[in-house]
Every structure is written in C-alpha cells, then in structure tokens.
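Here is the structure we will look at, set down as structure tokens.
So you know, we letter chains A, B, ... as the sequences are listed, proteins then strands, and number each from 1.
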Amino acid sequence: MMEIRTPKTHKAKRVLEKRAPKLVENGKKTLILHGTKTSATVSSVLMELYRLKKGGAIKYSRRNENIRPFESGGETSLEFFSLKTDCSIFVYGSHSKKRPDNLVLGRMYDHHVYDLIEVGIENFKSLLSFSYDKKIAPHEGSKPFICFTGEGFENVQELKQLKEVLTDLFRGEVVENLNLTGLDRAYICTAVSPTKVFLTHCAIKLKKSGTIVPRIELVEVGPSMDLVIRRNRLPNEGLRKEAMKLSKDKPKKKVKNVDQDDVLGKLGRVYIPEQEVGKIPLPDKSKGVKRERREGKVKKNKEEGSASKKLKESE
Amino acid sequence: MDMETDQIHQIDVGNLLAFNPSHRFPSAPSSREELVKECVTEGTKLVQAIADTLFNFPSTETSDGPLVQLPRPTTKLPREKHLPRPKPPTKWEEFALKKGIQKRKKDKIVYDENTDQFKRRHGYDRVNDDNDIPIIEAKASDEPGEDPFAKRLDDKKKRVGKQEKNRLQNLKTAAKAGALPSHVQLAVTALPISGTKTQPQKIGKDALGDVAGLAATSTASGGKFDKKLPGEKPPKKQGKHHKYLPVLPHRGKVDEEKEQTNKVLSKLLSKHSHEILNVGKAINMYNDKKEKKKSGRSDKLKAKKDITKKKPYANKAQ
C-alpha cells in the first residue's frame, strides 16, 4: 500500500524544491567531520576550514567511528549525512599512527561517493598565528581567487585530481555578477614536488596603478599547510561521464510586467490596488509618540546636563 | 605583454581561477620562508593576470561598487546531482495525444444560467454546486426508496476515489522512471502480505491503553502502584459499574428510583407484556429451578439445620 505524501507547509515545499536535482545547480555545500581520533592539528585545520567556508559548510563535532571512506562498507554513514544535510563535498579528518594528521577530501554524486583523495598535513600554521592589519581581513563569504602553480598539476594524475577537488571546495557559488570591491581573498596552491602541495590563504590589497587595473598585493592571513598526497580513488568512467554531462540552455523565462523600450530603456508596470479613503490607517496619535514631546525631552536632558556643569564650574 | 601572460597562464575568469603550468622549482628551496615567498610572488602574478581581464570588463556602477558580469566558468567540474529526467506522460496525456485533444484554458468566472449572474468556477458560491440542487426529478429508471441525493454524493466519492487511484498510478510510473516531482514522496504504509487479503490493523490509542491496563493488572498489586509515564491516563475502573440512583429526590426533579420501578411494573402489566416477556424462557427457568430443588443439593455442602435448637422469639417480649 503506497501513500502520497506532500509537504503541508510552504517552507517545507521550498526546502524540497531547493534540494531537488536542477538544470542549474546551487553551490555545493561542504560537510566537515572527524573520525575516531584527531590530533590538535587536524581539529584546528577542520575548524579553520569551516570558518573559511562559513555559510556553505556544516561541521559535525562528534567523532564518527564507523566512517572509513576508503573501505567498501565504511561510506554508508557518509552518504546518509550527505543526504540529510544536502552536502556534496566532505572533509574527513583523522589521526592514527600509520596516517598522522590525515585529511580525506571527497565528493558526492547523487549522494553516493564519487571520488576521494587522502592528504597528510604538514607544517600547519593556524590563522591565529598570522599578524596583519585588520582592515584588509577578508570578509566572510566573499568569492576567492584560486591560483595553481607548478607543472605537477598537469603531469601527475593525483595532483590533477587534487586541483579539481580544491577548485570545487573553494569555489563557492557560481555567480553571474561580481562586485569588484568585494574581492579580498586568494588561495595559492603550489606543487612543490610531485607529491607535495603548499597551500596558503592570502588577503588582497589593491594598490593604485596608472591604469584602471589596480596593482595586486597579497598578504598571508589564513592557514597555510603542506599537503602530502597519500591515497586516492578516481571515479569510474561511466559515472564521470554522467556527472560531467552539460545541460542544454533553457530559454530564459519571460518576466511579467517588464518591457524594453528603445528610447526610455527598461519599463515596468506597477499595479496599485484601489485606495479606499475611509479605510486608511490613521497616524499614531498617542501622547508619548509625538515629536514635540520627544524633542522636548532631549532638550530638557541637555539643559540639565549643562546646568549641572555650570554648578560644578561655579563651585 | 598581456596576451603572452594570458597564454602562459590558463585563466578561467568565471571561477576566478588561474593555473601556471610552466613553473618548476629550479633547486630545492633553501628555507621555508624562501619557499613561502616564492609561492606568494607566483600567486601574485596569477591574481594580477586575472584582475587584468576582470577590471577591463564593462562595469555598471551601483551603490555598493562597480558590478561586472562574469563569463561562464570554463573548467569542467562534476555535477552535484543528476540532470532532471523527463517526466513520462500520464495516462490522460497519452490518451489526449492519441485522440488529438487540445488543452483549453478555463475561465475563472463563468456565467450561471440559473441565477443570470457571473459566478466563479470553484470555491464559495460557485456555478453548478452539488449542494444547491433543491429538487431532483424522478426518472422512470429510478427505484422507489432510493435517495437520489445520497446517490449523487456516493457517485462523487467514487469518482474522487478513482481519480486518486489514477494519480497514484501515474506517480508510481514517474517514480519508476526516476522523475518524481520534487515535492512528492511515495511512502509505503504496509508490507505486502501474501496469502491473506486483510490488511494488518493499526493499533489505536484506546487499544493500546487497554493492553497496558491488562499488563498492569497482572502485577502483584494489581497495577495500583505502577509508575505512570507523562501523558498516560489513569486506569479505568475495573469490575462492575453500578449506577446508584439518589435515594432522596432533588428539588423539582423526579424521583428516579420510583420512576425506574414504575417503568418495570408498567411493562409487565401492559397489554403487550407477552411480547416483552419471553414466556418460553421463563417457564424453562422455573422448571429448572424446581428440578434442582427436588433433586436436592449435595447435603455435604449445605449446613445441616438442627431442629432441636429453638429460635429465640424476638417479638414475644411485647
């Protein structure tokens, strides 16, 4: 026996529509969690990553003992969390003797694991240890610049995958319009060797130059760490092809009550309901709200203040 | 100079991404600071390259600052969820396609001939409301004793039920094709049991309460001192329920006990008392009693009456 269940409130309906598969997707949300044991480095890395991605990330604080991303049965919990929180990227931190300061970055397709890459953290510097002028501190949720340097990112397969995962992680929402004053952060990733990547987060300082284009200066503000590639898992070909499918552009929906005129430009139509003069709400005429009263009070306080001052002076 | 750097760096303006594939560290960097410095300088070059293209875009001035329209990102990244699948046509849509039936837009306001007014099609005070029909003329095919109004309601219920069944079927086929609408969820309410057709009954609140009461009485103290959960109702009174009528009549109220006995009496003495009283049963009961008395009950159970002992005469003193 099957039953049709529809949401009873508008809010629930909107949430379901937001999570439904669409042609143009929302920005990917990140799920940050940790495993059975975490070291101080790993927990601070996870915390700072969460701060950098505030607004598009969810952090779980409890430890998860039954999550083992690289084992066949250990992903069910992850997939469940991904379904519940609607997150498509996850960052899983753990620490063990064999794999110290471990970080697993993974992506999901249809709430099933798509690909994984495991990195080790070395030489971690927390964002609290950087001192800089607070005025240039990047704002929360601003769109970052992402820079990759090094031939390793082109030649080595693991680094190629890491490049893709980091782009996905740091990208945020895909926007059509960008405010140029809101550009204040950049992530710099350099391939130091075929197995090591140096990652750092900088704030942008725009300096005057002769042309419209300002001169860029980068100041290190955020966490910086070395990522050492450990294990990885690539997506299988069929899944990759399906996930990379591009959608055909849908014709833009016609916006009602808006016209384009050659002379006047954009014209809009506004419909005003009939005004019933007898039913207009009258102004609030209660005593305390009247302007004269308020101003009188302010004046009185001022006079009192100056009077007391005079007394003091005369004394 | 700009064109050269653009070609050396792979720039994706839509993602604010830049990649310099031609850099390599000539020698192992001497110290950590050297490494960091070199990385930051390389990064600065890349950001400058992106900014060059970005600031040269046509910008519109707004109150917050210059707004620039970004092109679409060029790096291919995997999607988060699958592309929305096309919905399979419903049974009606297939039929309409086959017959060539076109969709026609219905007006919200329709002219009602009975009242010569424009009324709305759905909702309060609508055209052709089923409840508004005062008289239904009988046809030759109508059976006597059949309520046509009830029949109309019944027909409507059947139509609605059929529509719901069809809707469920359409949604099931859509779910099979993976194209269920986002706000609908199909939930299985009961497992299919092979063999019997009866569906397992859902236990209601009252039934649960009864079962809990049964379990409570099986305890040593009869469930009187059991700890109750918050919201659990106190146990119903067990045993016979007696309604004792008031002995003295209330002011203005009828003497209920008197009324009760009068009722019974009137029933017995009424003209049709033979209809109320089951004479056959009464005779049988009387005969049984008599036979039992005659056969005599086992004297072992009954206390023997001692005829030698004399009863004290209570009233003789008067």
Residue from P214(A), A20(A), S193(A) scoring the most non-hydrogen pairs under 4.5 Å with chain B is P214(A)
Quick one: what part of [X] sits under 4.5 Å from any heavy atom of chain B, side chain, backbone, both or neither?
X       : value
I216(A) : both
F198(A) : side chain
V175(A) : both
E176(A) : both
Y187(A) : neither
K143(A) : both
L183(A) : side chain
N123(A) : both
K245(A) : both
I89(A)  : neither
R215(A) : both

* **E25(A) with R79(B): basic N within carboxylate O range, under 4.0 Å** => yes
Worksheet item: Salt bridge check: are R32(B) and D226(A) linked by an N-O gap of less than 4.0 Å?
Response: yes
Honestly, the part of P73(B) sitting under 4.5 Å from a heavy atom of chain A is side chain
Checking heavy-atom separations under 4.5 Å from chain B, one finds in residues 5-12 of chain A R5(A), T6(A), P7(A)
Indicate yes or no: at least one non-hydrogen side-chain atom of L54(B) is less than 4.5 angstrom from one of L180(A). yes
